[in-house]
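The structure appears right after this line, and notes come after that.
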Amino acid sequence: MIKIAITGAGGRMGRMLVEATVNDPSAQLVAAFDRPGGANIGRDAGEVLGIETGIKVRGVAPADLAGALDGVDCLIDFTRPEATLAHLQACVAHGVKFVVGTTGFDADGKAAIAKAGESIGVVFAPNMSVGVNATFKLLEVAAKILSSGYDIEIIEAHHRFKVDAPSGTALRMGEVVAKALGRDLDAVAVYGREGVTGERKPETIGFATIRGGDVVGDHTVLFAGIGERIEITHKSSSRMTYATGSLRAAQFLAGRERGVFDMQDVLGLR
């Protein structure tokens, strides 16, 4: 049985992770953390869900996390990049494996995660959903088939509280498609259009972002040709898919001492 700790335990995703861990017979919740001063500090981690876990939410600043990881096999983190990177260093210092569901990292942040993989096992993926990762594989196949004569646009929608755009999942979709086509996404991505933009360049990959309400996460990749359109869409109706995928990632790490992996590795899709 793998012993799991969760950061951001009082948040929307944190609550889903608590519920998924409690309901997984192969996992044990041993610690739950939130930022100091959070409304759930001192409460049972499952209280807001109507369940009792026996684990109290602890208020621990990211820089102080290393001293609170005794008995933890794997930490699961869906917070913010700056906090996640501090948690990452705590895991390296304490030899704890790390599942990163946070998005919005810059190049330096991604490099820090890669460096940590020299010491501990890390699963770092823009989306932990099994369905989303199956979609990545479908996109790879579709892009190779539709490599000529089709314009590619990626449309994503999320709730009003999401702070980064495009989503990490949308960017990963763009990377998968660009790689299949032999393109550099940084060179061909178009993240917004306004005014007189001129005719669309065929090699570009466009992104459109929608924010509103309580949308958990919708992603569509449109391959638009002359006379036909192909759309590959994934829609999330619950964050539980991310939570169960994260636990699957934690179990994957149980047999790996070090290295950085993603959900394609976890699901055997390489």
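Placement of L85 and V260 within a single hydrophobic cluster is found when ILVMFWY residues are connected by side-chain heavy-atom separations under 4.5 Å, directly or transitively. Note on V216: it clusters hydrophobically with M263, by side-chain heavy-atom contacts below 4.5 Å among ILVMFWY residues. Taken together through direct or relayed side-chain contacts under 4.5 Å among Ile, Leu, Val, Met, Phe, Trp and Tyr, F98 and M13 form parts of separate hydrophobic clusters. In terms of hydrophobic clustering, with Ile, Leu, Val, Met, Phe, Trp and Tyr side chains grouped at heavy-atom distances under 4.5 Å, V57 and L69 are assigned to different clusters. No continuous path of hydrophobic side-chain contacts links I55 to V72 [ILVMFWY only; heavy atoms under 4.5 Å].
Considering all non-hydrogen atoms of both residues, D218 and S236 come closest at OD1-N, 3.9 Å. The shortest non-hydrogen separation linking T135 to H234 is OG1-CB, 3.9 Å. Summarising the geometry of E156 relative to A170, their closest heavy-atom pair is CG-CB, 3.8 Å, with the distance given to 0.1 Å. Of all heavy-atom pairs between C91 and L75, the closest is SG-CD2, 3.6 Å. Across all non-hydrogen atoms, the minimal contact from A250 to I2 is O-CD1, 3.2 Å. Smallest separation of non-hydrogen atoms from A157 and V215: O-CG1, 3.6 Å.
A donor-acceptor contact shorter than 3.5 Å is absent between the side chain of H94 and the backbone of A90. A side-chain donor-acceptor contact under 3.5 Å links T244 to the backbone of T241. Looking at D44, its side chain does come within 3.5 Å of a backbone N or O of G54 through a donor-acceptor pair. S147 places no side-chain N or O within 3.5 Å of a backbone atom of A143 that could act as its donor or acceptor partner. Judged by distance alone, with hydrogens and angles left aside, the side-chain atoms of N133 form a donor-acceptor pair with the main-chain N or O of N127 at under 3.5 Å.
Of the inter-residue distances, the one linking T233 atom OG1 with I155 atom CD1 reads 8.0 Å to the nearest 0.5 angstrom. Taking CZ from F124 and CZ from F105, the interatomic distance works out to 5.0 Å, rounded to the nearest 0.5 Å. In this structure, the separation between OG1 on T204 and CG on D151 is 7.0 Å, given to the nearest 0.5 Å. Note: T79 OG1 to I6 CD1 = 12.5 Å, rounded to the nearest 0.5 Å. In this structure, CD1 on I41 lies 10.0 Å from CZ on R58, to the nearest 0.5 angstrom. One finds the CZ atom of R183 at 15.0 Å from the CD atom of E175 (value rounded to the nearest 0.5 Å).
Pairs of residues two or more places apart, or lying in two chains, that qualify as ring-ring contact (aromatic ring centres under 6.0 Å, His included) and include a residue from residues 245-267 are F252-F261. Identified under the side-chain hydrogen bond (donor to acceptor under 3.5 Å, both in side chains) test for residues 5-19, with sequence neighbours left out: T7-D77. Residue pairs meeting the salt bridge (Lys or Arg N to Asp or Glu O under 4.0 Å) criterion with at least one member in residues 251-262, sequence neighbours excluded: D262-R270.
Under the 4.0 Å criterion applied to side-chain N and carboxylate O atoms, E153 and R200 are assigned as salt-bridge partners.
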Output, in order, the C-alpha distance, side-chain angles, deciding distance and verdict of side-chain contact (heavy atoms from CB on, under 4.5 Å) for L247 and M128. CA-CA 9 Å; L247 287 173; M128 294 291 174; over 6 Å; no
Please evaluate residues V163 and R80 with respect to the criterion side-chain contact (heavy atoms from CB on, under 4.5 Å), reporting the C-alpha separation (whole Å), side-chain torsions for both, the decisive distance (0.1 Å), and the verdict. CA-CA 10 Å; V163 298; R80 293 285 299 130; 3.5 Å; yes
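You'll find the side chain of V99 reaches within 4.5 Å of the side chain of C74, heavy atoms only. Side-chain contact check for V130 versus R248: some heavy-atom pair is nearer than 4.5 Å. Between K97 and D73, every side-chain heavy-atom pair lies at or beyond the 4.5 Å cut-off.
The number of heavy atoms from other shown groups lying within 6.0 Å of CG (D214) does not exceed 12. More than 12 heavy-atom neighbours from other residues, nucleotides or ligands sit within 6.0 angstrom of CD on E203. More than 12 heavy atoms of other shown residues, nucleotides or ligands fall within 6.0 angstrom of atom NZ in K162.
Other cluster members for L181: V132, F136, L139, V141, I145, L146, Y150, I152, I154, L171, M173, V176, V177, L185, V188, Y191, I205, F207, V221, F223, I230, I232, joined by side-chain heavy-atom distances under 4.5 Å among Ile, Leu, Val, Met, Phe, Trp and Tyr.
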Check residues 25-38 and write down every donor-acceptor pair under 3.5 Å in which the side-chain atom is one partner and the other belongs to a residue at least two apart or another chain.
unit_1 : atom_1 : unit_2 : atom_2 : d
S26    : OG     : D24    : OD1    : 2.7
S26    : OG     : Q251   : NE2    : 2.8
D34    : OD2    : G10    : N      : 3.2

Between side-chain atoms of residues 111-118 and protein atoms elsewhere (two or more places apart, or another chain), which donor-acceptor pairs fall under 3.5 Å?
unit_1 : atom_1 : unit_2 : atom_2 : d
K115   : NZ     : E118   : OE1    : 3.1

